[in-house]
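Structure, as structure tokens:
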Amino acid sequence: MSTEREQLSFQAEVRELLQLMIHSLYSHREIFLRELISNASDANDKLRFLALSEPALLGAESELAIWIDADPNAGTLTVRDNGIGMSREEAISHLGTIAKSGTAEFFKRLTGDQQKDAALIGQFGVGFYSAFIVADRVELYSRRADVAAEAGVRWESSADGQFTVETVTREQRGTSVVLHLKPEAKEFAEGYRLRTLVRRYSDHIAFPVRMHKDATATLEYEDVNQAQALWTRPRSDISDAEYRDFYRHIAHDGADPLAWSHNRVEGKREYTSLLFVPSRAPFDLWQREAARGLKLYVRRVFIMDDAEQFLPLYLRFIKGIVDSNDLPLNVSRELLQQDHEVEAMRAALARRALELLARLAKDEPDKYAQFWREFGRAFKEGLSEDPGNRERLLPLLRFASTAAADNEESVSLADYVARMRPGQDRIYFVVAESLEAARESPHLELLRQKEVEVLLMGDRVDEWVMGRVSEFEGKRFKDVARGELELGGLVEAAERARIDEDRREHKALLKRFKDALGERVLEVRVSERLRDSPACLVRGEAELSAAMRRVLAANGQTLPASAPVLELNVANPLVRYMDSVKEAEPFSELALVLYDQASLAEEGQVSNGAEFARRLNKLLVRLVEPR
């Protein structure tokens with residue numbers, strides 16, 4: 001291990017981040033204190049957890065706390081803890097680089113609005129660098145709790161693109177961050193100002209935050225915050241502001257949560273839970289291997305971050321804590337996976353989260369709409385992942401619909417059922433590559449003519465999800481692009497008779513189409529769906545769509561061959577014209593173009609683009625050639 005003084009360069013992303021801190025967020029400077037105290041609290045939590053198996057790590061200094069020392073004369077502010085500390089290698093790694101995926105997403109989220117941008121600090125693990133909002137030079141002294149005093153480290157930077165690091169002797173474990181304040185930030189060396197900020201942002205921290213008493217002649221410290229785990233207090237004693245501050249602390253999120261649920265369970269099993277619904281999706285929501293889950297405490301002792309065993313994957317966006325009186329202090333992730341008590345808690349916490357969302361949907365629909373925009377795609381996974389809660393999940397789904405001009409997903413199933421037409425006994429929906437494609441699907445033409453509402457779905461997950469549900473309030477779901485339309489009482493007897501007559505009358509035309517298309521289609525039949533378009537493709541009820549087949553094939557799955565049904569609108573002028581074409585080759589060319597057009601409308605692509613272009617060009621040439 002090197003003990004010499006080294007001068008190293010920041011990662012490029014860190015340099016860019018430091019420039020943002022220095023030049024862009026000056027009007028929200030006080031957030032730096034919230035972040036440094038939060039980091040100190042995390043360091044104390046980590047040491048307390050390790051000390052469960054290695055009590056010697058605490059030594060004689062068994063009480064964990066956070067201290068703030070201000071020196072107005074020197075213009076310095078120090079935030080120190082006696083937690084786990086850092087080694088030289090960790091200081092270089094943690095303070096010189098940031099995970100690139102998180103950094104890129106951090107900069108992408110920036111808006112130019114200082115208040116909104118400041119709220120991102122901490123969410124992406126960049127909280128330490130907020131010190132440079134108020135300091136032109138930062139020193140850090142640290143020693144890990146499990147190494148000798150001679151292995152301490154000193155880190156220093158002036159945010160000039162470089163930092164220095166050296167090994168020093170440090171008697172005390174933990175970390176001290178010394179901020180050399182900028183002239184315009186000297187207010188943060190004033191005791192009253194600091195106490196106000198600690199009470200505003202860090203009153204809920206479970207460790208005492210200590211400062212010197214106001215009297216200048218004493219060196220005694222006093223506790224500035226309550227230093228009581230917020231979730232252990234009665235709900236009636238906790239203000240909304242305290243809940244919001246606590247959420248910011250555990251989620252490293254500067255924005256307010258949309259809603260929260262604080263609950264204590266007593267009886268056969270005893271635990272307290274505090275669950276929050278964030279107002280925006282984290283940058284790693286779709287990285288299924290990313291850390292997720294609740295903070296786990298056992299009898300107020302912090303055990304682990306991101307205990308994913310307490311909530312199903314589709315609720316991975318929920319933040320919060322669970323504090324159990326029954327689990328052992330030495331519980332591990334492996335034991336959590338095998339514990340029947342944890343399974344029961346997981347089921348109860350999932351129900352608690354769904355009840356929270358149901359209240360939000362009922363009482364604050366605007367906030368629920370925001371929740372759905374941020375998390376709806378992930379939430380829908382629950383229909384497949386959590387069948388036991390399907391009846392709770394279905395009322396919480398939101399969809400775009402033909403009843404609305406825009407593609408806002410705001411229609412609930414209850415809304416849809418309330419608007420069903422007389423004689424309608426199905427909930428109609430269509431799945432496409434996008435909401436725009438779903439809205440323009442030719443499969444909707446008859447239903448649109450009859451003013452029957454259709455739910456529009458444009459997520460890749462929708463086909464898979466809808467295959468797991470059958471009905472809502474006794475009304476069966478019906479994909480309008482599969483099988484028969486099942487119009488029930490929506491179609492009169494005369495209309496059915498006309499369709500049957502068309503099928504008999506055009507048998508020869510249907511056979512010519514089938515002969516021209518061969519194995520590309522399973523069958524060609526007269527359509528009752530279409531009113532304007534000449535043709536459309538229809539899949540069987542249990543068949544996978546072409547898009548889903550492509551996804552599965554890309555994942556290496558071998559799928560049996562499948563062909564759709566081609567439905568023809570025999571009243572369409574193009575189809576009527578084709579019925580008069582006697583030559584085999586022109587008819588086949590037109591039939592193949594019609595099939596490719598239907599493929600484009602259904603799947604967004606054709607199997608052979610070059611061949612489609614050739615046929616289309618050939619037909620266009622015939623149109624312009626002099627007769």
Side-chain angles (χ1 to χ4, degrees), residues 17 20-21 24-25 28-42 45 98-99 101-111 113-131 133 197 200-206 230-231 238-262 273-287 290-295 302 305-308 311 315-322 353 356-357 360 364 367-368 370-376 378-379:
L17 179 65
L20 170 74
M21 297 296 181
S24 301
L25 300 178
H28 296 275
R29 296 178 299 177
E30 68 270 13
I31 64 169
F32 83 93
L33 189 61
R34 178 193 73 196
E35 293 303 320
L36 294 182
I37 292 176
S38 183
N39 288 348
S41 174
D42 288 345
D45 265 336
I98 316 174
S101 60
T103 313
E105 185 65 23
F106 174 82
F107 286 116
K108 190 174 85 173
R109 295 280 185 96
L110 296 179
T111 64
D113 182 316
Q114 290 185 9
Q115 185 170 1
K116 292 181 180 178
D117 292 347
L120 296 176
I121 303 299
Q123 186 183 12
F124 297 91
V126 297
F128 169 77
Y129 303 101
S130 64
I133 298 175
L197 292 175
R200 179 189 303 171
Y201 291 120
S202 305
D203 208 35
H204 56 273
I205 296 292
L230 178 135
W231 64 89
I238 307 173
S239 68
D240 287 355
E242 288 178 297
Y243 278 120
R244 294 187 185 102
D245 287 342
F246 182 72
Y247 166 76
R248 294 188 188 102
H249 167 61
I250 63 169
H252 297 287
D253 186 356
D256 287 341
L258 291 175
W260 57 83
S261 173
H262 186 183
S273 64
L274 180 48
L275 308 179
F276 293 90
V277 180
S279 59
R280 61 190 175 199
F283 72 95
D284 55 0
L285 179 66
W286 297 105
Q287 298 174 15
R292 62 180 180 83
L294 305 177
K295 286 182 177 289
F302 171 77
D305 280 310
D306 308 316
E308 70 274 9
L311 284 174
L315 294 175
R316 57 189 176 273
F317 51 84
I318 295 286
K319 301 294 184 183
I321 65 96
V322 58
L356 172 61
L357 291 171
L360 186 66
E364 300 184 82
K367 285 187 176 181
Y368 190 79
Q370 182 179 350
F371 157 76
W372 188 261
R373 286 192 295 271
E374 295 290 328
F375 303 108
F379 186 73

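One is the number of the first residue; the rest follow in order along the sequence.
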CH2 on Trp260 to CD1 on Ile318, rounded to 0.5 Å: 13.5 Å
Distance col, row His249:NE2 vs Lys319:NZ, nearest 0.5 angstrom, shows 13.5 Å
Just wondering, do [Y] and [X] contact through their side chains at under 4.5 Å, heavy atoms?
X	Y	answer
Asp284	Arg292	no
Leu274	Ile250	no
Tyr247	Asp256	no
Leu258	Tyr368	no
Phe317	Arg280	no

Heavy-atom pair with the smallest gap, counting every atom of [X] and [Y]:
X	Y	result
Glu374	Ala281	OE1-N, 2.8 Å
Ala378	Trp286	N-CH2, 3.4 Å
Val277	Leu357	CG2-CD2, 3.9 Å
Leu356	Leu275	CD2-O, 4.1 Å
Ala255	Arg248	O-CG, 4.3 Å
Ser279	Gln370	O-NE2, 2.9 Å

Would Tyr129 and Glu35 satisfy side-chain contact (heavy atoms from CB on, under 4.5 Å), going step by step from the backbone distance to the final call? CA-CA 9 Å; Tyr129 303 101; Glu35 293 303 320; over 6 Å; no
Check the orientation of Phe379 and Phe371. Use parallel for under 30°, tilted for 30 to 60°, and perpendicular for over 60°.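 Correct class here is perpendicular.
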Should the ring pair Tyr243 and His262 be called parallel, tilted or perpendicular, given that the plane angle runs from 0 to 90° and is split at 30 and 60? perpendicular
Are Arg34 and Asp245 close enough for a salt bridge, meaning some N to O gap below 4.0 Å? no
Residues His252, Asp42; criterion side-chain contact (heavy atoms from CB on, under 4.5 Å); working and verdict: CA-CA 11 Å; His252 297 287; Asp42 288 345; 3.5 Å; yes
Residue pair Trp231, Ile238: steps toward the side-chain contact (heavy atoms from CB on, under 4.5 Å) verdict: CA-CA 9 Å; Trp231 64 89; Ile238 307 173; over 6 Å; no
